[in-house]
Novice: 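Following this message is one structure expressed as structure tokens.
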Number of protein chains: 2
Amino acid sequence: MSRLYDTVLEMVVTYRFLPNQRINEVHLARKLNTSRTPVREVLNRLHAQGFLQLKKGSGFSCREFSPREIQELYQLRSIIESAAIRLACENATDAEVNQLQIFLQQTGPEPGDRSSQQLVELDQQFHEQLMVLARNEEMLKLLQNINARIRFFRWVDMDNKRSKTQVEHQQIVEALMQRDAAAAAALLEDHIHRRLDEIIHAVKAGNEIMNEQREQAS
Amino acid sequence: MSRLYDTVLEMVVTYRFLPNQRINEVHLARKLNTSRTPVREVLNRLHAQGFLQLKKGSGFSCREFSPREIQELYQLRSIIESAAIRLACENATDAEVNQLQIFLQQTGPEPGDRSSQQLVELDQQFHEQLMVLARNEEMLKLLQNINARIRFFRWVDMDNKRSKTQVEHQQIVEALMQRDAAAAAALLEDHIHRRLDEIIHAVKAGNEIMNEQREQAS
DNA sequence: GCGCTTATTACTGTATACAATATTCAGTAG
DNA sequence: CTACTGAATATTGTATACAGTAATAAGCGC
């Protein structure tokens, strides 16, 4: 069941289903070599977690994100990450902070030959490691939920912006090392807001970039 | 379906099911005059939203909250409510703030003859109205989810503490009126942390208070 | 050809059946 | 009486069937 959940979640977050178009349970079940019942169970879970919408008589469909919704999710993400790094400045051990520094160095300043998907993954690892230092499991789960829901949009310009992203990550870790909570939080918020601006800009610019990314995901 | 969801959610948050004891789907379906399938669909949703745990072969059960988990949820709640009132200081109209003041006055400083359940409901309305002023739907949904999950514990000493709660609510609204974000946030955090301390204390004191509340809910 | 109505087909939401697994009960030995 | 084993029963997870509804196709009139 959890494998089925992971499979369908992956399809949802990579927008294999067109927004607002009904997910055909019969077809999906056949495609996944199972019956409708476990498929519906998974779809119900994803609906409850904010990934899908459900309309009586029309079944489940992928949600279409308005710029407003994206902005709200990013704002929420900024709030919890900002709080998390403040907690991390209090709670993290020196060893943990050094480990994060090593991770940054190992993942380099340049994208190298990594795909956008890999860069998104590395970016996520960095932010989740920060969140782990806050020692609040609920906050970590929340960040993971948000990141999954906005995953499609987090691809925007990822490879072109990797150097700047890593510079900003580095500054955040340095503030964390200095246990300067205010500076760390401000840097993190700026970092997230910059990304949000880029994404909103891309979404408003139309669907061309979005279609390219969908193809890249295939 | 949404009525079924509401019914089962109510049973879950009032701990009609004992923690860690399997929820019997057949019995529950019979009790609710439906078949197992929609019951399972609801249970899957509640599981996905953090209300229930699921073990293969053993089905769904109510989670048992450790003091750690309660503390984490309250910490998260404090973070988002604190951020929300900062946003409210920027975004709320004078009319909206006045409406909140009127709500406080209409719901009085004293519990009156209200039940604990009604007091919990009024407390929740106050906090949700604050959250609405932040103009972030995701944050409101998150607060509602957290409040539902900790609902059982929010009953602790509710009637005995109503006067103090309302005084604190009033101070928060006054800071909001003054558009003093720092003061409002500090007051709100203190308010939430005081409640958390009371609840953790009660939970650690044993199960007597908890059993009384379960009986009161029946 | 277009628009409307009706018939047909497909799909959703739920009920029921089935297979696998977990739990409970009964019998036996020490 | 206690502990262990095997059988019987109950429950879960999934497959399939059914009824109601939504979507599509076909036919007819203008």
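Below, chain A is the first sequence line, B the second, and so on; all start at residue 1. Heavy-atom basis, side chains included; hydrogens, waters and symmetry copies ignored.
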Novice: Give, ordered by number, those residues of residues 29-53 of chain A having at least one heavy-atom distance below 4.0 Å to an atom of DNA chain C; if nothing qualifies, reply none.
Specialist: A/Arg36, A/Arg40
Novice: Contact class for A/Leu4 (heavy atom, under 4.0 Å): base, sugar-phosphate, or nothing?
Specialist: nothing
Novice: Measure the distance from NZ on A/Lys56 to P on D/dA23 and round it to the nearest whole Å.
Specialist: 14 Å
Novice: After noting the C-alpha distance and the side-chain angles of A/Ser61 and A/Gln21, does the key distance pass the side-chain hydrogen bond (donor to acceptor under 3.5 Å, both in side chains) rule?
Specialist: CA-CA 6 Å; A/Ser61 56; A/Gln21 192 176 71; over 6 Å; no
Novice: Can you give me the closest heavy-atom contact between A/Leu188 and A/Ser82, atom names plus distance?
Specialist: CD2-N, 4.3 Å
Novice: Report the distance from atom CD of A/Glu25 to atom P of C/dG13, rounded to the nearest whole Å.
Specialist: 6 Å
Novice: Measure the distance from CG on B/Leu54 to C1' on C/dT21 and round it to the nearest whole Å.
Specialist: 15 Å
Novice: To the nearest Å, give me how far apart CG (A/Leu28) and P (C/dA10) are.
Specialist: 19 Å
Novice: Whole angstrom is fine here: how far is it from CD1 in B/Ile23 over to P in C/dT23?
Specialist: 15 Å
Novice: Working to the nearest 0.5 Å, report the span between OG1 of B/Thr93 and CD of B/Gln99.
Specialist: 9.5 Å
Novice: Out of B/Gln75, B/Glu72, B/Arg68, which residue meets the side-chain contact (heavy atoms from CB on, under 4.5 Å) rule with A/Arg135?
Specialist: B/Arg68
Novice: Atom CG of B/Asn24 and atom C1' of D/dT12: how far apart are they, to the nearest Å?
Specialist: 10 Å
Novice: For C/dC11, does either OP1 or OP2 sit under 4.0 Å from a side-chain N or O belonging to A/His27?
Specialist: yes
Novice: Look at B/Arg194 together with B/Glu198 and state whether they make a salt bridge at an N to O cut-off of under 4.0 Å.
Specialist: yes
Novice: Take atom CZ of A/Arg22 and atom C1' of D/dT24, then tell me their distance rounded to the nearest Å.
Specialist: 11 Å
Novice: Assess whether side-chain hydrogen bond (donor to acceptor under 3.5 Å, both in side chains) is satisfied between A/Asn145 and A/Arg149, documenting all intermediate values.
Specialist: CA-CA 6 Å; A/Asn145 173 273; A/Arg149 282 157 71 189; 2.9 Å; yes
